[in-house]
Participant: 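Input: one structure, supplied below.
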2 protein chains.
Amino acid sequence: MSTSSRPPTPVAARSADQRPRNAADTQHRLLDAARRQFARNGYSGTTVRDIAAEADVNVALISRYFRSKEGLFAACLTGAVDELGDTITAEVSLADLPLTIARQLAESDTDGLPTRLLLLLRSSGDEGADRIRLDVLKSFSVRLAALTGGGEDSLLNAQVVLATSLGITVLRSSVGLEPLASAGEQELVVPLEALIAALLPPASGLSKDS
Amino acid sequence: MSTSSRPPTPVAARSADQRPRNAADTQHRLLDAARRQFARNGYSGTTVRDIAAEADVNVALISRYFRSKEGLFAACLTGAVDELGDTITAEVSLADLPLTIARQLAESDTDGLPTRLLLLLRSSGDEGADRIRLDVLKSFSVRLAALTGGGEDSLLNAQVVLATSLGITVLRSSVGLEPLASAGEQELVVPLEALIAALLPPASGLSKDS
DNA sequence: AAGCGATGTAAACAAATGCTGACTTAGCCA
DNA sequence: TGGCTAAGTCAGCATTTGTTTACATCGCTT
C-alpha cells in the first residue's frame with residue numbers, strides 16, 4: 001500500500017491550510033504526485049512547482065524533505081523498485097505468468113505496474129539513478145529467465161519478453177494506440193500466452209499437453 | 001539518405017566561420033542534431049542551444065528556419081515518419097519479416113531505425129505532434145497486420161509485435177540492458193522469429209478472406 | 001564592381017525553473 | 001499554560017531557456 005494510508009480525513013481532501021501538520025503524510029503526498037508526473041512527462045518535463053501543486057504542498061518542502069528535485073526522483077525510483085520486486089518475486093509458475101503479466105498491465109491504477117514501468121524508463125541524467133534502473137531491469141529479466149529451464153539464451157529471451165511488456169505499457173499509457181490501449185486483461189492474455197510459450201519454453205523435454 | 005549529402009567539405013568539418021553559406025545545409029545540420037538529441041534526451045530534455053552547438057550553427061537560425069523549437073521537433077518527426085515508411089512499405093513477405101526487423105534494430109547508425117523509433121516515442125506535449133505519432137504507429141501496425149491472413153485480433157497481435165520492437169529499442173539504446181543491448185543481427189533474429197511465428201501466423205487454412 | 005537580398009552573428013529580454021533563507025505557525029510536552 | 005521545536009509559508013535569488021531584434025557579412029546578379 002502506498003496511496004491509501006493517510007491520516008483521518010473525514011470527508012474530502014481538506015486543503016493545506018486546514019490539514020493537520022504531518023511530515024510523513026506530506027512526504028507521501030509529494031512522492032505520489034511526483035511519481036505520476038515523472039512517469040507521464042519525464043524528468044525534465046516535470047517541474048517542482050507542478051508536483052507541489054498537485055500534492056497541495058508548498059514547493060519549498062521538496063527541498064526540505066528530499067534535498068532536491070533529483071533527490072525526489074531518486075526516492076520515486078527506489079520506491080517503485082521496491083514495489084516492483086513485490087509484484088514479481090511472488091512465486092509464480094511459468095504457467096500463470098501470462099495471466100499475471102496481463103493482469104498487471106491492464107491495471108489502470110495511478111500506482112499500478114504501468115506507472116512504475118514508465119517511471120523506470122525515465123532518465124534524469126543522474127548516474128546513480130541510471131544505475132538503479134539498469135540493476136532492477138537486469139534482475140527482473142534474470143528472475144524471468146530463471147522460471148524457464150535456463151537454456152542457452154534464456155536471458156536474452158526473457159529480456160525480449162520484458163521488452164514486450166515495456167512496449168505494451170508505452171503504447172497503452174503514453175501513446176494511446178488502439179485497440180491495444182483499451183484492451184482488457186482477457187484480451188491481453190491471449191498474445192501474452194503465445195509470446196511466452198514461444199520465448200520462454202518450460203524446462204525442456206518434459207512438457208505438458210502438445 | 002539524409003545525413004550524407006553536404007556541400008563539398010574537403011578535409012574535416014570546417015567550422016562555421018569558414019564554411020560557405022548554405023541555407024539548405026544549415027537546415028539539414030539542425031535537423032540531424034535535433035533528431036539525435038530529441039531521440040536521446042526527449043523534447044524537454046533538449047535545449048535549442050545544445051542542438052545549435054552540436055550542429056555548429058547559431059541558435060537564432062532555429063527560429064528563422066523552423067519558427068520555434070516545436071517547429072523543429074515537428075520537422076524531425078515528419079522526417080522520421082517519411083523514412084520510416086520507406087523502410088517498411090517495401091514489399092516484405094511474412095517469411096523474411098523477422099530478419100528485416102532484426103537487421104533494422106541492430107543498426108546502430110545515428111540515423112537508423114532505433115533513433116527514429118525513439119523519436120516517435122517522445123512527446124512535446126503539442127497536440128499536432130501527438131497526432132502524427134499516433135497516426136504513423138497506427139498505420140504501421142495495420143501494415144503489419146495486413147501481412148497475415150487478417151484474422152480476428154491480428155491487429156492487436158501486430159501491435160504487440162510493434163510493442164516488442166519498441167521495447168527492444170528502448171532497452172538497447174536508452175537503457176543499455178545486457179545482453180540485449182549488444183546483441184547482433186543474428187542473435188536478435190532468433191527470438192524475433194519465434195515471436196512472429198507465434199503472433200503473426202501466415203494466412204493459414206482456416207479463416208482468410210479472398 | 002556594386003548593390004542587394006539571403007545568410008549568419010551577437011546581445012538581450014521575459015518567462016520559467018530549481019533552490020534558499022528568513023519568517024510564521026501549529027502541535028506537543030513539561 | 002508557556003515555550004520550543006518541527007512543519008509550513010513567503011518572497012526572492014541566480015540560472016537556464018526560448019525567442020526576438022538589430023546588426024554584420026557573404027555571394028549572386030546585373
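Naming convention: chains lettered A, B, ... in sequence-line order (proteins, then strands); numbering from 1 in each chain.
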Participant: Kindly say whether, by distance alone, the side chain of B:Arg21 makes a donor-acceptor pair under 3.5 Å with the base of D:dT25?
Facilitator: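 In this structure, the two groups form a donor-acceptor pair.
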Participant: Tell me, please, the opening and closing nucleotides of DNA chain C, 5' to 3', among those with an atom under 4.0 angstrom from a non-hydrogen atom of chain B.
Facilitator: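 Contact boundaries, 5' end first: C:dA6 to C:dA12.
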Participant: What's the CG-P distance between A:Leu61 and D:dT9, to the nearest Å?
Facilitator: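 Between P of D:dT9 and CG of A:Leu61: 6 Å.
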Participant: Atom CD of B:Gln37 and atom P of D:dT17: how far apart are they, to the nearest Å?
Facilitator: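 Taking CD of B:Gln37 and P of D:dT17, I get 11 Å after rounding.
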Participant: Counting N and O atoms only, with roles assigned by atom type, does the side chain of A:Gln27 sit under 3.5 Å from a partner on the main chain of A:Tyr65, one being a donor and the other an acceptor?
Facilitator: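 No, A:Gln27 side chain to A:Tyr65 backbone: no donor-acceptor pair under 3.5 Å.
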Participant: A:Glu107 and side chain to side chain contact (heavy atoms under 4.5 Å, CB included): which partner among A:Thr110, A:Asp111, A:Asp109?
Facilitator: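 Running side chain to side chain contact (heavy atoms under 4.5 Å, CB included) over A:Thr110, A:Asp111, A:Asp109 with A:Glu107 returns exactly one hit, A:Asp109.
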Participant: What integer distance in Å separates B:Asp50:CG from D:dT19:P?
Facilitator: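 The answer, rounded to whole Å, is 15 Å.
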Participant: Starting at the 5' end of DNA chain D and moving along, which residue's nearest nucleotide shows up first, B:Arg64 or B:Ser44?
Facilitator: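 Comparing both residues, the 5'-ward one is B:Ser44.
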Participant: Between D:dA7 atom P and A:Asp56 atom CG, what is the distance in whole Å?
Facilitator: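 Computing the A:Asp56:CG to D:dA7:P distance gives 18 Å.
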Participant: Side-chain donor-acceptor pair under 3.5 Å between B:Asp130 and B:Ser123, yes or no?
Facilitator: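 Judged by distance alone, the side chains do pair up.
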Participant: Could you tell me the separation between the CG atom of B:Leu72 and the P atom of D:dT17, rounded to a whole number of Å?
Facilitator: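 Rounded to whole Å, this separation is 16 Å.
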Participant: Any donor-acceptor pair under 3.5 Å linking the side-chain atoms of B:Ser154 with those of B:Asn157?
Facilitator: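 Judged by distance alone, the side chains do not pair up.
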Participant: Just checking A:Thr47: base, sugar-phosphate only, or nothing, at a heavy-atom cut-off of under 4.0 Å?
Facilitator: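 The residue A:Thr47 makes sugar-phosphate contact but no base contact.
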Participant: Taking atom P of D:dA6 as reference, at what distance in whole Å does atom CD of A:Gln27 sit?
Facilitator: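 Taking atom P of D:dA6 as the reference, CD of A:Gln27 is at 14 Å.
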Participant: As an exercise, state the distance from CG of B:Leu177 to CZ of B:Arg172, rounded to the nearest 0.5 Å.
Facilitator: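 Reported value, rounded in 0.5 Å steps: 11.0 Å.
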Participant: If you assign each of A:Ile62 and B:Ala23 to its closest nucleotide in DNA chain C, which residue comes earlier from the 5' end?
Facilitator: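 The answer here is B:Ala23.
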Participant: Which nucleotide sits closest to the side chain of B:Ser68: D:dC10, D:dG27, D:dT19?
Facilitator: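 Closest nucleotide among those given: D:dT19.
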Participant: Would you indicate what B:Val59 reaches in the nucleic acid, counting non-hydrogen atoms under 4.0 angstrom: base, sugar-phosphate, or nothing?
Facilitator: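 The answer is base, as B:Val59 lies within the cut-off (heavy atoms under 4.0 Å) of a base atom.
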Participant: Do the side-chain N and O atoms of B:Thr100 and B:Gln104 include a donor-acceptor pair separated by under 3.5 angstrom?
Facilitator: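 Per modelled atom types, B:Thr100 and B:Gln104 side chains form no pair under 3.5 Å.
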Participant: Figure out the CG/C1' separation between B:Asn58 and D:dC23, and round it to whole Å.
Facilitator: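 Rounded to whole Å, this separation is 12 Å.
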Participant: Once you round it to whole Å, what is the distance between C1' of D:dT20 and NZ of B:Lys69?
Facilitator: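 Those two atoms, NZ and C1', are 17 Å apart.
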Participant: When all nucleic acid strands are considered with a 4.0 Å heavy-atom cut-off, which category describes A:Tyr65: base, sugar-phosphate, or nothing?
Facilitator: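 Since only primed, P, OP1 and OP2 atoms lie under 4.0 Å of A:Tyr65, the category is sugar-phosphate.
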Participant: B:Asn41 side chain to B:Phe38 main-chain N or O, any donor-acceptor pair under 3.5 Å?
Facilitator: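 Between the backbone of B:Phe38 and the side chain of B:Asn41 there is no qualifying donor-acceptor contact (under 3.5 Å).
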